[in-house]
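Here the structure is laid out as C-alpha cells; the discussion comes afterwards.
In this text the structure is predicted, and so the values were computed from the model without any measurement. Excluded from the calculations below are hydrogen atoms, water molecules and symmetry mates; all remaining heavy atoms, backbone and side chain alike, are included.
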Amino acid sequence: MKEQKQFYNANYLDYVSRIAPKTNEKRSLFHAFWVGGTICVIGQLIRFLLEFAFGLYGDELAGTTSIVLIFLGAFLTGLGVYDRIGKYAGGGSIVPITGFANSVVSPAMEFKTEGFIYGLAAKMFVVAGPIIVFGIIGGVSVGIVYYFLYLTGILV
C-alpha cells in the first residue's frame, strides 16, 4: 500500500513538473526588489513632504506617513491597481505597509456581495487578522518584559 502511494505521488509530481509554467527566479527577484524599493522610496518622499510642508516630526511624522501609505494601498486595491502590481512584483509588493493594507481590503472587496456585516466586516480580517493578533501579543509581551526590567532597576 505504501509503495503504491509513493508511486502515485511520484507520478503526480512528475505530471505537475511537466505542465507547471517555468519561472525565471532572477527576474522575479529583480521585480520584487525594485517594486518594493520604489514603494519604500515613495514612502520616504511622503515623509519628506509631510516634514517640510507641514512641519511634522517624531511620532506625528511616522504615524501620518503610515496612515498615508495605508490609505494609498487600500485605495489602489479598491481600484484594482495593487493586484496588478502584486502579480508583477510578487513578494516585493507585500512586504511594505501598503501590502498590509492590501491584505485587509482584498478579502473585504471579494465578499462585499454577502452584505456589510457577513461579507465586508467579517471577511476583512481573514488574512490580516492573525498578523494583528500576533502583533498585539508580541507588543504586549515585550512591554511586560520591559516593565519588569524597569521595576528591577536593570532598565532605567
Is there a path from Leu69 to Val41 through hydrophobic residues (I, L, V, M, F, W, Y) whose side chains come within less than 4.5 Å of each other?
no

Any side-chain heavy-atom pair from Glu51 and Leu61 closer than 4.5 angstrom?
yes

Assigning hydrophobic clusters by single linkage (Ile, Leu, Val, Met, Phe, Trp, Tyr; side-chain heavy-atom cutoff under 4.5 Å), is Leu76 placed with Phe100?
no

If you take all heavy atoms of Val105 and Gly78, which pair is closest and at what distance?
CG1-N, 4.5 Å

Could you list the cluster mates of Phe48? Members are the ILVMFWY residues connected by side-chain heavy atoms closer than 4.5 Å, either directly or through other members.
Phe52

Is it the case that one hydrophobic cluster holds both Leu72 and Ile97, taking links as side-chain heavy atoms less than 4.5 Å apart, direct or via other members?
yes

Contacts under 3.5 angstrom, residues 128-148 side chains, donor-acceptor by atom type, not counting sequence neighbours:
residue: Ser141; atom: OG; partner: Ile137; partner atom: O; Å: 2.7

Sorted by first residue and then second, give each side chain to side chain donor-acceptor pair (under 3.5 Å) pair with at least one member in residues 63-82; sequence neighbours left out.
Thr77-Asn102, Tyr82-Thr98

Measuring from Leu50:CG to Leu45:CG, what's the distance to the nearest 0.5 Å?
11.0 Å

If two hydrophobic side chains count as joined below 4.5 Å and joins carry through other members, does Ile42 share a cluster with Ile67?
no

In Å and rounded to the nearest 0.5 Å, what is the CG to CZ distance from Leu79 to Arg84?
9.0 Å

Cationic N near anionic O, under 4.0 Å, Asp83 to Lys87
no

Mind telling me whether Tyr15 and Tyr12 have parallel, tilted or perpendicular rings, with 30° and 60° as the class edges?
tilted

May I ask whether Phe71 and Val81 are part of the same hydrophobic cluster, defined by side-chain heavy atoms of I, L, V, M, F, W, Y residues being less than 4.5 angstrom apart, directly or through others?
yes

Kindly determine whether Leu29 and His31 satisfy side-chain contact (heavy atoms from CB on, under 4.5 Å), including the steps that lead there.
CA-CA 5 Å; Leu29 288 172; His31 290 311; over 6 Å; no

Should we say atom CG of Asp59 is surrounded by more than 12 heavy atoms from elsewhere, each under 6.0 Å from it?
no

How close do Gly86 and Ser93 get, counting heavy atoms only, and between which atoms?
CA-OG, 3.2 Å

For Trp34 and Tyr88, take the angle between the two ring planes, folded into 0 to 90°, and tell me which bin it lands in: parallel under 30, tilted 30 to 60, perpendicular over 60.
perpendicular

Could you measure the distance from the SG atom of Cys40 to the CZ atom of Arg47? Nearest 0.5 Å is fine.
12.5 Å

